[in-house]
Amino acid sequence: MNGETPEVLFWVGCAGSFDQRAQRITKAFAQILEKVGVQFAILGKEEACTGDPARRSGNEFLFQMMAYNNIAVLNGYGIKKIVTACPHCFNVFKNEYPALGGEYEVIHHTTFINQLINDGRIVLKEGGAFKGKKITYHDSCYLGRANNIYEAPREVLEALDVELVEMKRCKTNGLCCGAGGAQMFKEEEPGKTRINFERAEEAVNTGANIIAANCPFCTTMLTDGVKNQEKEDSVKVMDIAEMVAQSLAD
Amino acid sequence: MIVQQIFFILILAAAIFLFVKKISEIRRNINLGRDEDFKDNPSQRWKNVVLLALGQKKMFKRPLPAILHLFVYAGFIIINIEILEILLDGVLGEHRLFAPMLGGLYSFLVGFFEILAATVLIACVIFLIRRNITKVKRLNQAELDGWPKSDANLILITEIVLMSLFLIMNAADLRLQELQSAHYTATEPFWISAHLTGIFGGMSEGGLIAVERTCWWLHIIGVLLFMNYLPYSKHLHIVLAFPNAYYTRLAPQGKMKNMPAIQNEVLYMMQPELAPAAGDQPAEPQRFGAKDVQDLSWKHLLDAYSCTECGRCTASCPANITGKKLSPRKIMMDTRDRLEEVGKNIAKNKEFVDDGKSLVHDYITVEELRACTTCQACVEACPVGIEPLSIIDQLRRYLIMEESNAPQEWNLMSGNIENNMAPWKFSPDDRDQWAVEMEQQS
């Protein structure tokens with residue numbers, strides 16, 4: 001931040017900032033924003049965990065502390081509009097910070113990208129890399145069931161001219177990747193399989209070459225799941241931002 | 001005749017008395033929960049009653065059971081109009097009170113009820129087959145072993161018996177009409193029972209009257225017994241689905257309930273000048289999260305009584321699907337069982353006397369709670385707007401904040417969030433390293 005109030009604040013999130021796989025999503029999204037000339041800012045070192053995994057694990061104290069500090073920083077900069085590539089951050093900003101004094105227009109990056117396409121600001125290559133490719137889409141819980149966003153990401157895929165093959169468990173019936181509720185940070189409880197294995201198997205069985213995702217945690221979980229299926233050479237897990245970044249017209 | 005009338009009125013009064021008594025106990029139990037306000041947005045709430053409870057919107061995610069359930073539900077509600085006549089007949093010592101008043105319409109209505117009775121009967125038989133022979137997975141999971149399975153079968157068998165009695169009674173009545181027996185008002189043949197009169201062969205008038213009366217008495221006593229069975233059964237959902245749909249969540253499913261008490265503690269820590277003077281603190285602070293049923297909201301407790309153990313939540317739960325111990329249905333069943341136990345404790349001792357047990361640990365284990373991914377599939381799946389996740393959230397809050405009961409990995413995660421502003425152990429200084437790299441690359 002350099003004193004100016006930007007068009008939009010890009011909230012990168014912890015995964016997008018630190019996780020090597022998720023950094024590629026962050027860079028792809030930033031590249032899109034730069035390409036279409038959206039004036040955006042990041043908080044950089046002033047950004048901190050929203051507190052989502054703390055709250056969902058039951059640690060409300062820590063959540064409230066993180067929220068207090070984040071809201072102070074955001075309000076201090078007069079932030080009005082936030083875009084984020086993480087559905088967990090999105091959910092906290094949209095649904096949980098308002099009660100604590102943090103009211104912003106919050107938009108998930110897939111919705112934002114969809115708007116930019118509809119407004120003609122993002123121009124996609126004719127016959128891009130994904131045209132006609134068999135692709136399945138994984139609804140993240142915190143974009144889907146949590147916030148009823150099912151169509152915007154699918155519209156982006158449609159704009160990319162892919163052949164979308166839905167899994168049986170999609171939209172409101174979508175199966176979790178296994179990361180939510182702070183599960184990302186601990187071993188699963190004993191069971192007969194892992195949730196990400198179950199979900200990746202379903203995705204691989206659609207015959208898709210790409211599993212499109214909208215969440216850095218889902219991307220990690222599904223990538224591991226695809227490896228477990230020994231399909232990592234033929235099936236890629238990609239964030240929708242990465243697919244769009246690769247399809248931008250010159 | 002007058003003896004029968006008095007007998008009938010006594011039975012009816014006893015049935016109503018016992019039913020009201022048990023319902024008021026349930027009401028008291030639900031009110032053991034913490035207050036929660038639902039005065040917002042009544043129009044949306046009524047809409048949910050119409051869509052979810054009356055319209056069974058979410059049932060239709062699975063069309064076959066939805067249609068069968070609709071048969072039973074429509075039959076149940078509409079046939080109750082017939083029960084009104086039966087009650088009035090019993091009290092007034094009449095027989096088919098409405099027949100002379102309604103004429104041809106009466107025969108049409110009874111014929112219609114008979115069709116409903118037949119569809120209820122067929123649907124219940126199919127439901128029994130699904131439960132006991134084809135063994136649909138969600139209807140045969142571990143938490144249903146024992147009483148819950150018997151409860152389900154008992155409900156279905158009772159409905160089959162009641163519907164059969166109703167049809168046999170009508171058939172005997174039609175046969176008696178043919179014999180022009182006294183008291184048996186002539187009607188048009190009823191649509192289904194008209195085809196059943198053959199079962200009586202050449203039975204005498206006296207025998208037919210005995211059959212008709214026996215069926216009449218068994219039917220109405222069965223109905224009154226069934227009514228009194230409801231509050232002890234999962235079948236209570238036929239009543240509580242309606243209030244539960246009214247009070248169900250309107251906020252996005254992703255929104256977790258705020259904890260103002262902790263919000264304030266953090267605020268006072270950050271801005272001590274805002275903290276109230278020591279004397280102004282509430283005398284007894286509430287427990288953080290929920291250890292036992294009394295710590296839950298009354299809506300959680302209403303949820304527990306509204307659950308009919310259909311298992312759509314559990315069938316959609318990623319933890320359960322992958323073999324973990326967590327089952328959202330079991331969360332609801334355990335909550336109701338514990339609440340009933342607490343209710344009995346209060347009835348016995350005038351007030352709750354600590355029994356050394358609690359919902360967490362004694363009913364719901366830590367392992368179950370830990371397995372939840374907060375994906376909200378259970379909430380989405382519930383046809384009557386129950387929120388197992390909301391109870392799980394509250395129990396998890398108790399474990400972490402009151403018992404400091406967390407897996408080591410979560411302690412590390414929390415430590416990292418607190419010290420490094422991220423759940424992993426990275427330096428906060430590297431948070432924008434990706435941007436530096438991007439600049440270098442371009």
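Here is the naming used below: chain letters follow the sequence lines, and residue numbers restart at 1 for every chain.
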Region of [X] that comes under 4.5 Å of a non-hydrogen atom in chain A:
| X | answer |
| --- | --- |
| A377(B) | both |
| P407(B) | side chain |
| I262(B) | both |
| L326(B) | neither |
| Q408(B) | neither |
| K61(B) | side chain |
| S427(B) | backbone |
| Q441(B) | side chain |
| M413(B) | side chain |

Exercise for review: For the pair F288(B) and F61(A), name the ring-plane relationship: parallel under 30°, tilted 30 to 60°, perpendicular over 60°.
Suggested key: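 Judged by the thresholds at 30° and 60°, the geometry between F288(B) and F61(A) is perpendicular.
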
Measure the [atom1]-[atom2] distance between [X] and [Y] for me, rounded to the nearest 0.5 Å.
| X | Y | atom1 | atom2 | result |
| --- | --- | --- | --- | --- |
| N258(B) | Y97(A) | CG | OH | 11.5 Å |
| R55(A) | D393(B) | CZ | CG | 9.0 Å |
| C49(A) | E418(B) | SG | CD | 11.5 Å |
| F185(A) | N411(B) | CZ | CG | 14.0 Å |
| N416(B) | C14(A) | CG | SG | 10.0 Å |
| D52(A) | T374(B) | CG | OG1 | 7.0 Å |

Practice item. Begin with the C-alpha distance, continue with both residues' side-chain angles, and end with the deciding distance and a verdict on side chain to side chain contact (heavy atoms under 4.5 Å, CB included) for K324(B) and I195(A). Key: CA-CA 10 Å; K324(B) 279 80 181 178; I195(A) 296 172; 4.2 Å; yes

Review point. Around D35(B), counting heavy atoms of other residues, nucleotides and ligands shown, do more than 12 lie under 6.0 Å from its CG?
Key: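 Not buried by this count: 12 neighbours or fewer within 6.0 Å.
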
Among the listed options [options], the residue most often paired with chain B at heavy-atom distances under 4.5 Å:
| options | answer |
| --- | --- |
| E187(A), R56(A), K94(A) | R56(A) |
| E188(A), E47(A), Q31(A), R24(A) | E47(A) |
| K192(A), M66(A), M184(A), E60(A) | E60(A) |
| S140(A), A72(A), P190(A), G58(A) | G58(A) |

Do [X] and [Y] have side chains that approach each other closer than 4.5 Å (heavy atoms only, starting at C-beta)?
| X | Y | answer |
| --- | --- | --- |
| T322(B) | F197(A) | no |
| N95(A) | Q253(B) | no |
| L43(A) | R431(B) | no |
| L100(A) | Q263(B) | yes |
| Q433(B) | S17(A) | no |
| C375(B) | R145(A) | yes |
| M65(A) | M269(B) | yes |
| K325(B) | E189(A) | no |

Review point. Chain A: which of M256(B), M421(B), M259(B), M438(B) shares the most heavy-atom pairs with it under 4.5 Å?
Key: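 So the answer, after comparing M256(B), M421(B), M259(B), M438(B), is M256(B).
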
Exercise for review: Output the option from E367(B), Q394(B), E368(B), M270(B) having the highest count of non-hydrogen pairs under 4.5 Å with chain A.
Suggested key: M270(B)

Distance-only side-chain donor-acceptor flag, [X] / [Y], under 3.5 Å:
| X | Y | answer |
| --- | --- | --- |
| Q271(B) | Y68(A) | yes |
| N173(A) | E380(B) | no |
| N59(A) | R396(B) | no |

Check your understanding: Is the shortest distance from a Lys or Arg side-chain nitrogen in D432(B) or K45(A) to a carboxylate oxygen in the other one below 4.0 Å?
Key ->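 Between K45(A) and D432(B) there is a salt bridge, with a charged N closer than 4.0 Å to a carboxylate O.
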
Check your understanding: Has K27(A) got its NZ or CZ under 6.0 Å from the middle of the six-membered ring of W434(B), at an angle within 45 degrees of the ring axis?
Key -> no

Sub-3.5 Å donor-acceptor pair from the side chain of [X] to the main-chain atoms of [Y], do we have one?
| X | Y | result |
| --- | --- | --- |
| W424(B) | A15(A) | no |
| K255(B) | N91(A) | no |
| Q183(A) | C372(B) | yes |

Practice item. Starting from the C-alpha separation in whole Å, work towards a yes-or-no answer on side chain to side chain contact (heavy atoms under 4.5 Å, CB included) for L62(A) and M401(B). Key: CA-CA 10 Å; L62(A) 185 52; M401(B) 291 190 286; over 6 Å; no

